[in-house]
Protein chains: 2
Amino acid sequence: MSEVLLDREAAQRYASWFRALADPTRVQIAELLARRREPMSVGQIVAAVGTAQSTVSHHLKILAEVRFVLVEPDGNANLYRINENCLTCFPTAADVVMGRPVAAPGEVPC
Amino acid sequence: MSEVLLDREAAQRYASWFRALADPTRVQIAELLARRREPMSVGQIVAAVGTAQSTVSHHLKILAEVRFVLVEPDGNANLYRINENCLTCFPTAADVVMGRPVAAPGEVPC
DNA sequence: ATCGTGTATCGTCGATTAGCGATGATGTTG
DNA sequence: CAACATCATCGCTAATCGACGATACACGAT
């Protein structure tokens with residue numbers, strides 16, 4: 001019984017989410033995609049954040065690996081958009097780490 | 001004038017918070033301290049997480065640098081406790097990055 | 001087929017990180 | 001005083017990271 005600690009598996013999942021946002025450029029990209037809910041091309045994001053194209057592509061890959069953003073090929077340009085599930089499920093993770101009891105214990109929507 | 005992007009300063013502050021929780025051991029420590037709202041000694045935390053004492057001390061330093069946890073010397077043992085401000089202010093950061101409009105624009109409690 | 005555009009990937013650099021044992025600093029207790 | 005307990009700090013290693021330019025790939029248009 002006495003589970004004094006968050007189980008390692010959940011801790012690792014949450015840590016991977018936080019690590020995906022552990023860089024200011026990725027925070028800007030995520031916030032940009034989250035506010036503008038429509039898909040954006042890499043070129044648009046590059047123009048917005050002002051770092052090199054290869055670097056932005058790298059950051060988008062990291063954000064996509066944890067499924068914060070979703071990729072959708074559109075002809076030549078690839079489009080990235082925020083994963084709507086994360087809009088609620090990521091702040092919930094922050095709540096859990098801060099000791100807030102999670103409302104529905106059955107879920108893992110992401 | 002159309003600020004399409006979260007300003008770099010805020011992005012860096014949020015990224016530093018997320019980076020502090022970008023490790024599963026630190027997630028466990030933070031969640032442990034957040035649930036048990038009372039101060040804990042390093043030895044107690046070491047016993048709970050099961051990694052080396054020097055490693056736990058290192059993680060606590062990282063958590064203290066962003067003021068997620070507060071230090072309080074108590075005789076021989078040093079006591080660590082969660083920063084109560086972060087209980088609300090960190091989930092709020094997660095909301096902001098996920099595009100939620102921040103309620104009170106006057107802020108920065110941490 | 002050839003060009004041009006838009007992205008992803010590669011290779012590399014310097015910097016940072018998690019982890020550990022060993023050592024050092026500081027305060028408590030006999 | 002001397003022994004002890006508690007914790008921080010010091011190397012050290014292996015791994016990861018952010019950033020960039022250069023290159024490769026995929027596709028629409030000519």
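We use all heavy atoms of the structure for the numbers below, so side chains are in, but hydrogens, waters and symmetry mates are not.
The side chain of B:Lys61 has D:dT9 as its nearest neighbour among D:dT9, D:dC20, C:dC20. Comparing D:dC7, D:dA5, C:dG6 against the side chain of B:Asn76 picks out D:dA5 as the nearest.
When A:Asn83, A:Leu63, A:Ile29, A:Ile62 are each tested for a side chain to side chain contact (heavy atoms under 4.5 Å, CB included) with A:Val69, only one passes: A:Leu63.
No engagement by B:Leu60 is indicated, since no non-hydrogen atom pair under 4.0 Å with the nucleic acid exists. Here B:Ile62 lies in heavy-atom contact (under 4.0 Å) with sugar-phosphate atoms only.
Contact annotation: B:His58 side-chain N/O to D:dC10 OP1/OP2 distance is not under 4.0 Å. B:His59 has no side-chain polar atom (N or O) that falls below the 4.0 Å cut-off from OP1 or OP2 of C:dT17. The phosphate of C:dA18 has neither OP1 nor OP2 within less than 4.0 Å of any side-chain N or O from B:Thr25. Put simply, B:Arg26 has a side-chain N or O that comes within less than 4.0 Å of OP1 or OP2 on C:dA18. When the side-chain nitrogen and oxygen atoms of B:Ser57 are compared with OP1 and OP2 of D:dA8, one or more of them lie within a distance under 4.0 Å. Side-chain nitrogen and oxygen atoms of A:Asn78 include at least one within less than 4.0 Å of the OP1 or OP2 phosphate oxygen of C:dA8. Between A:Tyr80 and C:dG6 there is no side-chain N or O to OP1 or OP2 distance below 4.0 Å.
Taking atom CD on A:Gln53 and atom P on C:dG4, their separation rounds to 18 Å, with Å as the unit. We find that CG of A:Asp74 is positioned 14 Å from C1' of C:dT5, with the value rounded to whole Å. Straight-line distance from the CD atom of B:Glu72 to the C1' atom of D:dA8: 18 Å, rounded to whole Å. Distance CD (A:Gln12) to C1' (C:dA18): 13 Å, rounded to an integer number of Å. Atom-to-atom, CZ of A:Arg19 to C1' of C:dT16 comes out at 14 Å; the value is rounded to the nearest Å. Per the geometry, CD belonging to B:Gln44 stands 9 Å off P belonging to D:dC7, to the nearest Å. Rounded to an integer number of Å, the gap from B:Leu63 CG to C:dT17 P is 13 Å.
With hydrogens and angles ignored, no donor-acceptor pair under 3.5 angstrom links the side chain of A:Thr55 to the base of D:dG18. Side-chain to base pairing of B:Asp23 with C:dA18: no donor and acceptor N or O lie closer than 3.5 Å to each other.
The six-membered or imidazole ring of A:Tyr14 lies away from that of B:Phe18, with a centre-to-centre distance of 6.0 Å or more.
With rounding to the nearest 0.5 angstrom, the NE2 atom of B:His59 is 11.5 Å from the CD1 atom of B:Ile45. The distance from atom CZ of A:Arg19 to atom CG of B:Asp23, rounded to the nearest 0.5 Å, is 7.5 Å.
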A:Arg67 vs A:Asn85, side chain to side chain contact (heavy atoms under 4.5 Å, CB included): CA-CA, chis, key distance, verdict: CA-CA 9 Å; A:Arg67 297 186 58 80; A:Asn85 289 336; over 6 Å; no
